[in-house]
Each structure stands twice: as structure tokens, then as C-alpha cells.
Amino acid sequence: MSRKVERAPGSLRLAGISTTAMDAVNPRFSGSDHLLDHALKAAKGLGAETRLIKLNNLTFRHCEGYYSKAAQACTWPCSITQMDAKDQMEQIYEVLVHWADAIIISSPIRWGAASSLYFKMAERLNCVQNAVTIRNQVLIRNKVAGFIIVGGQDNIQAVAGQMLGFFAELGFIFPQFPYIAHSRGWSHEDMECNVEIVRDSKELVEGASMLTKRCLDLAAHLISRDEAPASIERGGRKAHTMRS
């Protein structure tokens with residue numbers, strides 16, 4: 001994982017990351033997973049390689065706050081990954097940093113926010129951003145992110161806003177209209193209707209397909225130009241140069 005970050009030759013590569021939690025033995029319908037599946041199918045139809053990772057199927061530890069001990073303790077690769085061979089967060093690191101040209105993250109809405117699994121993953125991505133702080137190394141270059149947000153309640157824009165802000169800090173670029181979303185709203189506590197609407201909606205499927213196309217088109221453009229910086233000026237940045 002600590003190898004040089006450089007894109008291997010080949011066709012465009014899209015990773016789908018599902019952040020939906022559920023009982024794996026008795027699975028339910030997930031609107032966000034449903035649309036993510038269609039997004040990946042669209043990518044295959046466009047000639048791209050695809051991978052699907054479901055956080056629900058991975059075993060990985062929470063971020064344990066090594067940065068709070070010392071900035072140098074939050075390393076790339078992640079300290080936990082280096083210490084714990086059973087920690088499967090390395091699959092996310094591999095896809096985001098080394099494999100994918102574009103990613104699509106799907107999440108339900110949970111009390112006006114993304115899923116708890118999403119935040120568990122996001123916290124473990126501290127080490128990707130912290131590589132800028134401690135080594136001035138930008139790990140995410142020429143990569144695109146898009147999002148699928150589905151829920152039975154409102155707050156789509158708040159969920160999208162967090163995702164956009166967070167993945168921008170990691171170095172991802174966004175296509176025009178970088179997310180698709182659906183919710184029933186505050187007054188509709190009728191999830192059986194919501195499931196039916198999402199499952200039967202051709203419009204949402206088309207939206208997922210077009211999100212994929214926008215992500216891949218931008219990724220192809222970025223790769224062809226290869227203009228993304230490998231380091232970044234620090235003034236005003238979150239990852240400001242540390243005092244020795």
C-alpha cells in the first residue's frame with residue numbers, strides 16, 4: 001500500500017462503495033444499493049472496469065485517534081492497517097488511492113446525516129489527508145467522486161454537502177451535478193411506499209446511469225491531461241505546514 005501512487009494502464013475504472021448497514025443473513029431492499037448497482041452496470045456498458053465494495057461486509061476498526069497523540073502517528077498507510085492484518089480497511093485504501101479513476105459512494109439518510117458506516121470509513125481516511133500535512137504528498141490525483149443519497153426523510157443537501165466537502169479535502173474532483181438523490185420527506189413515514197417508488201423508478205435508474213457517465217467522462221479528461229498537483233501550497237489550507 002505504501003508503493004508509489006501511479007495509474008496502471010488500461011480502461012477506465014469505477015469503484016462503487018455502499019455504506020448501507022443491514023442484517024446480512026436477512027437482507028432487505030436498499031434504495032441506495034439498488035441505484036449503485038445500476039450505476040455500476042452503466043459503467044460496464046461504457047467499457048469501464050468496476051468493483052463493488054459493501055462496507056457492511058468488511059471488518060475494520062474505528063479510527064483510534066492517533067493524530068491526537070501526534071501528527072506523525074497518523075501515517076500512510078494507516079497505523080491500524082500496519083498493526084492489524086485482519087483489518088479490512090485496506091480494501092478501501094487500495095481502491096481509492098491505487099485502483100479507481102472514479103468512485104461513487106452510496107448512502108441512506110439517517111437522522112439527517114449519512115450512515116454511521118460512512119462516517120466510520122471517513123474517519124479512517126484521515127491518513128489520506130494527513131499525508132499532505134506530514135509529507136506534503138497528495139495521494140488522490142486525477143480522480144472523480146460522485147454520490148447517491150436515498151432516504152425516507154429530508155436533509156439530502158446536508159448529506160451531500162458533507163460528502164462534497166470531505167472528498168474535496170482528500171483531492172477528488174466532481175463532475176457537473178455530482179450527486180443524485182431521493183427522499184419521501186418529513187411528512188411521509190411510509191417506507192413501504194418509498195421502497196416501491198425507488199424500486200420501480202426508471203427515472204432514478206437513468207439518473208444513476210448518467211451520473212456514472214459524467215464521472216467517467218471527467219475522469220478520462222483528467223487522466224489525459226494529468227494536471228493535478230502532486231503537492232499543494234499550504235497557506236489557508238487545513239493541512240497547513242506544522243511547526244517543528
Side-chain angles (χ1 to χ4, degrees), residues 14-24 27-40 51-65 67 78 88-89 91-93 95-97 100 102-130 140 143-175 177-186 188-189 191 194-195 197-198 201 204 207-208 211-212 214-215 238:
L14 174 70
I17 300 177
S18 161
T19 69
T20 297
M22 67 174 74
D23 178 359
R28 58 177 175 79
F29 175 82
S30 164
S32 55
D33 279 3
H34 170 73
L35 295 177
L36 181 60
D37 286 342
H38 280 287
L40 293 175
R51 290 186 188 177
L52 171 63
I53 297 179
K54 294 189 175 185
L55 296 185
N56 197 62
N57 295 340
L58 301 185
T59 299
F60 62 101
R61 284 156 57 176
H62 289 273
C63 175
E64 295 168 0
Y67 187 87
C78 174
Q88 294 180 307
M89 186 66 191
Q91 294 184 35
I92 300 296
Y93 296 141
V95 160
L96 265 59
V97 174
I103 63 170
I104 294 180
I105 311 285
S106 68
S107 178
I109 301 171
R110 295 285 182 260
W111 285 99
S115 75
S116 59
L117 276 178
Y118 166 82
F119 285 105
K120 184 180 179 183
M121 173 187 71
E123 289 175 6
R124 286 290 303 278
L125 293 174
N126 286 348
C127 60
V128 176
Q129 195 274 337
N130 200 43
I140 303 297
K143 294 178 183 285
V144 178
F147 310 98
I148 295 172
I149 303 161
V150 176
Q153 56 182 274
D154 282 330
N155 240 26
I156 287 168
Q157 289 174 315
V159 175
Q162 194 285 333
M163 290 177 162
L164 289 164
F166 177 75
F167 280 91
E169 273 297 317
L170 296 185
F172 283 90
I173 306 297
F174 309 110
F177 308 113
Y179 64 91
I180 63 166
H182 164 83
S183 77
R184 285 285 280 162
W186 180 262
H188 292 276
E189 291 291 336
M191 285 306 296
N194 195 59
V195 166
I197 289 168
V198 175
S201 174
L204 285 172
L211 175 62
T212 293
R214 292 194 296 275
C215 287
K238 178 179 184 294

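Remember, it's a predicted structure, so these values are computed and weren't measured experimentally.
Residues passing the salt bridge (Lys or Arg N to Asp or Glu O under 4.0 Å) test with Arg214: none are found, sequence neighbours excluded. In this view, Asn126 satisfies the side chain to side chain donor-acceptor pair (under 3.5 Å) rule with no residue, not counting sequence neighbours.
Between Ile109 atom CD1 and Ser183 atom OG the span is 5.0 Å, to the nearest 0.5 Å. Taking CZ of Arg51 as the reference point, atom CD1 of Ile103 lies at 13.5 Å (rounded to 0.5 Å). Atom-to-atom distance recorded for Phe166:CZ and Ile105:CD1 is 9.5 Å, nearest 0.5 angstrom. Atom CG of Leu211 sits about 10.0 Å away from atom CG of Leu35, to the nearest 0.5 Å. Annotation: the span from Ile140 atom CD1 to Phe167 atom CZ amounts to 9.0 Å, rounded to 0.5 Å. How far CG of Leu36 is from CD1 of Ile17: 9.0 Å, rounded to the nearest 0.5 Å.
Looking at every heavy atom in both residues, Ala15 comes nearest to Val95 through CB-CG1, 3.2 Å. Closest approach of Leu204 to Ala181, counting heavy atoms only: CD2-O, 4.3 Å. Contact detail for Val159 and Ala114: the closest heavy-atom pair is CG2-N, 3.8 Å. The nearest pair of heavy atoms linking His62 to Arg124 is C-CD, 3.9 Å. Val144 approaches Pro175 most closely through the heavy-atom pair CG1-CD, 3.7 Å. Minimum heavy-atom separation, Ile156 to Ile149: O-CD1, 4.1 Å.
Side-chain atoms of Ser18 never come within 3.5 Å of backbone atoms of Asp33 as a donor-acceptor pair (strictly under, hydrogens ignored). The main-chain N or O of Ala39 is found under 3.5 Å from a side-chain atom of Thr212 such that the two form a donor-acceptor pair. No donor-acceptor pair under 3.5 Å is formed between the side chain of Ser115 and the backbone N or O of Pro108. Lys143 places a side-chain N or O within 3.5 Å of a backbone atom of Ala100 that can act as its donor or acceptor partner.
Atom CD of Gln157 has 12 or fewer heavy atoms from other residues, nucleotides or ligands within 6.0 Å. Within a 6.0 Å radius of CZ in Phe177, no more than 12 heavy atoms belonging to other residues, nucleotides or ligands are found.
Proximity of Thr20 to Arg28: side-chain heavy atoms (C-beta onward) are separated by under 4.5 Å at one or more points. Ser116 is not listed as a side-chain neighbour of Arg110, based on a closest heavy-atom distance of 4.5 Å or more. In this structure, Met89 and Met121 have side chains that are in contact, with non-hydrogen atoms separated by less than 4.5 Å. The closest side-chain heavy-atom distance from His182 to Asn194 is below 4.5 Å. Counting heavy atoms from C-beta on, the side chains of Met163 and Ser107 come closer than 4.5 Å.
In this pair, Phe147 and Phe174 present their aromatic rings tilted. The plane angle is within the 30 to 60° band.
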Only distances under 3.5 Å count here; give the side-chain donor-acceptor pairs of residues 53-60 to other protein atoms, sequence neighbours excluded, each with its distance to 0.1 Å.
unit_1 : atom_1 : unit_2 : atom_2 : d
Asn56  : OD1    : Met22  : N      : 3.2
Asn56  : ND2    : Met22  : O      : 3.0

Report task. Check the pair His34, Val150 against side-chain contact (heavy atoms from CB on, under 4.5 Å), reporting the backbone distance first and the verdict last. Result -> CA-CA 10 Å; His34 170 73; Val150 176; over 6 Å; no

Report task. Output, in order, the C-alpha distance, side-chain angles, deciding distance and verdict of side-chain contact (heavy atoms from CB on, under 4.5 Å) for Val128 and Leu96. Result -> CA-CA 10 Å; Val128 176; Leu96 265 59; over 6 Å; no

